[in-house]
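Accompanying notes for the structure given below.
On a predicted model such as this, the values are computed, not experimentally measured, just so you know.
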Amino acid sequence: MKNVLKELRAERSISQAELASVLGVSRQTVNALENGKYDPSLPLAFKISQYFNLKIEDIFSPD
């Protein structure tokens, strides 16, 4: 699954560790998400979309 997490983080100048802390996951999970090696669970996708105040489909898209 493709996503724009890295770009969203860069726009807000937050680190992977900071985002991970907010979401309640590890920095490695954020890294795996950004690199397309891990697809988020639905609850995690909702947390991410709420944090960035965007729709899930504005962040994630099928390959």
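Pairs passing the salt bridge (Lys or Arg N to Asp or Glu O under 4.0 Å) check and including a residue from residues 8-22, sequence neighbours excluded, read Arg9-Glu34. Counting only residues at least two apart or in different chains, side chain to side chain donor-acceptor pair (under 3.5 Å) contacts with residues 36-53 are absent.
Residues Leu33 and Leu44 have side chains in contact (heavy-atom distance under 4.5 Å, counting atoms from C-beta outward). Using a 4.5 Å heavy-atom cutoff, the side chains of Asp58 and Phe52 are not in contact. By the 4.5 Å heavy-atom criterion applied to side chains, Leu19 and Leu8 are not counted as neighbours.
We find the CG-CG distance between Asn35 and Leu5 to be 10.5 Å, quoted to the nearest 0.5 Å. Between Asn3 atom CG and Ile56 atom CD1 the span is 12.5 Å, to the nearest 0.5 Å.
Within the 3.5 Å criterion, the main-chain N or O of Gln16 finds no donor-acceptor partner in the side chain of Asn31.
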